[in-house]
Amino acid sequence: MFMGTYDHSIDTKGRVIVPAKFRETLGDSFVVTLGLDGCLFVYPNEEWEDFVRQLKELPGSKEARKLQRYFMAGAAPCDVDKQGRVLIPSNLREKAELEKDIVFVGVMSKIEIWSRKRWDENDDFDNVDDIAEHMSEFGLSY
């Protein structure tokens, strides 16, 4: 399981050191794809396979096809080099506006990669109590 927040920098070639705590679970290769809210999603290969299986099971609606294209067209396999770095493809860097300062966020079965600017804009938990009130409808107890 992934958890925690780690600040890192991306170099001019698009390489970034993957946090050591995350590398232990990710291994030497994984999948990066477009995420939601302006970030990228990182999946260990096994979790990616599970996610793809879920995408395949979606109904044949226009919305489902759009989601399938969004996640699959943006997907790229990534390998970790000997220095613990990974090259994030330029099209994904552009979409997520990754320039220099980035943030890795562990979110259970996946990792999110954010630009520092976007993370600061979305790192707003002021209304989390209001949101939590409604989560019990989905069986979440805390």
Side-chain angles (χ1 to χ4, degrees), residues 1-58 61-142:
M1 176 171 30
F2 299 106
M3 57 186 159
T5 304
Y6 301 89
D7 294 317
H8 280 259
S9 294
I10 194 165
D11 69 17
T12 56
K13 294 181 182 178
R15 298 174 302 192
V16 63
I17 295 174
V18 178
K21 293 255 187 210
F22 290 165
R23 279 197 316 262
E24 294 169 11
T25 303
L26 281 173
D28 292 333
S29 68
F30 48 85
V31 175
V32 178
T33 191
L34 296 172
L36 302 173
D37 304 317
C39 72
L40 300 178
F41 288 165
V42 177
Y43 289 94
N45 290 323
E46 188 175 308
E47 291 291 337
W48 175 249
E49 290 171 16
D50 288 343
F51 183 63
V52 169
R53 198 170 7 264
Q54 292 174 51
L55 287 174
K56 285 180 182 178
E57 294 172 2
L58 291 174
S61 68
K62 186 173 185 170
E63 291 84 6
R65 291 190 308 273
K66 196 170 195 174
L67 271 179
Q68 290 166 335
R69 283 191 296 270
Y70 177 79
F71 287 113
M72 297 307 295
C78 292
D79 296 316
V80 179
D81 69 15
K82 292 177 184 177
Q83 288 80 33
R85 299 174 305 186
V86 64
L87 174 65
I88 299 176
S90 61
N91 63 318
L92 296 178
R93 289 194 316 267
E94 288 172 21
K95 290 278 189 181
E97 296 181 5
L98 302 181
E99 292 174 0
K100 180 161 176 45
D101 297 323
I102 66 171
V103 181
F104 284 85
V105 181
V107 185
M108 297 173 283
S109 62
K110 68 180 176 295
I111 298 164
E112 296 177 347
I113 302 177
W114 292 85
S115 72
R116 165 51 66 190
K117 179 181 179 237
R118 281 189 175 172
W119 175 249
D120 289 343
E121 292 169 355
N122 284 281
D123 186 17
D124 176 13
F125 300 112
D126 291 341
N127 66 340
V128 75
D129 291 334
D130 296 333
I131 295 169
E133 289 295 320
H134 300 287
M135 296 315 305
S136 63
E137 298 168 13
F138 301 107
L140 179 67
S141 60
Y142 41 90

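Throughout, residue positions are numbered sequentially from 1 according to the sequence presented.
For the side chain to side chain donor-acceptor pair (under 3.5 Å) condition, the pairs that include at least one residue of residues 64-90, sequence neighbours left out, are Asp81-Arg85, Gln83-Arg85. Within the structure, salt bridge (charged side-chain N to carboxylate O under 4.0 Å, His left out) pairs that include any residue of residues 48-58 comprise Asp50-Arg53 (at least two apart or interchain). Sorted by first and then second residue, the pairs that involve residues 90-99 and meet salt bridge (charged side-chain N to carboxylate O under 4.0 Å, His left out), not counting sequence neighbours, are Glu97-Arg118. Applying the ring-ring contact (aromatic ring centres under 6.0 Å, His included) test to pairs two or more places apart or on separate chains, those with a residue in residues 71-103 are Phe51-Phe71. Sorted by first and then second residue, the salt bridge (charged side-chain N to carboxylate O under 4.0 Å, His left out) pairs involving residues 22-36 (not counting sequence neighbours) form an empty list.
Residues passing the salt bridge (Lys or Arg N to Asp or Glu O under 4.0 Å) test with Asp11 are Arg15, sequence neighbours excluded. Thr5 meets the side chain to side chain donor-acceptor pair (under 3.5 Å) test with no other residue; sequence neighbours excluded. In this view, Phe104 and His8 satisfy the ring-ring contact (aromatic ring centres under 6.0 Å, His included) rule, not counting sequence neighbours. Partners of Pro44 according to the side chain to side chain contact (heavy atoms under 4.5 Å, CB included) rule, which considers only residues two or more places apart in sequence or in another chain, are Phe2, Leu26, Glu47. Every residue two or more places apart in sequence or in another chain that forms a side chain to side chain donor-acceptor pair (under 3.5 Å) with Glu112 is listed here: Trp114. Not counting sequence neighbours, Asn91 has no partner by the side chain to side chain donor-acceptor pair (under 3.5 Å) test. Here Arg116 pairs with Asp7, Asp120 under the salt bridge (Lys or Arg N to Asp or Glu O under 4.0 Å) rule; sequence neighbours left out.
Interatomic distance, CG of Leu67 versus NZ of Lys62, reported as 13.0 Å (0.5 Å rounding). Considering CD1 of Ile102 and OG of Ser9, their distance stands at 7.5 Å, rounded to 0.5 Å. Rounded to the nearest 0.5 angstrom, Leu92 CG and Phe41 CZ are separated by 12.5 Å. Ile88 CD1 to Ile113 CD1: the interatomic distance, rounded to the nearest 0.5 Å, is 4.0 Å.
When all heavy atoms of Met3 and Phe22 are compared, the closest pair comes out as O-CE2, 3.6 Å. In terms of heavy atoms, Leu58 sits closest to Ala64 at CB-CB, 3.7 Å. Pairing each heavy atom of Val32 with each of Cys78, the nearest pair is CG2-SG, 3.7 Å.
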- request: Report the C-alpha distance between Leu98 and Leu40 in whole Å, list the side-chain angles of each, state the deciding distance to 0.1 Å, and finish with yes or no for side chain to side chain contact (heavy atoms under 4.5 Å, CB included).
  value: CA-CA 10 Å; Leu98 302 181; Leu40 300 178; 3.8 Å; yes

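With a 4.5 Å cut-off on side-chain heavy atoms, Ile111 and Phe30 do not count as touching.
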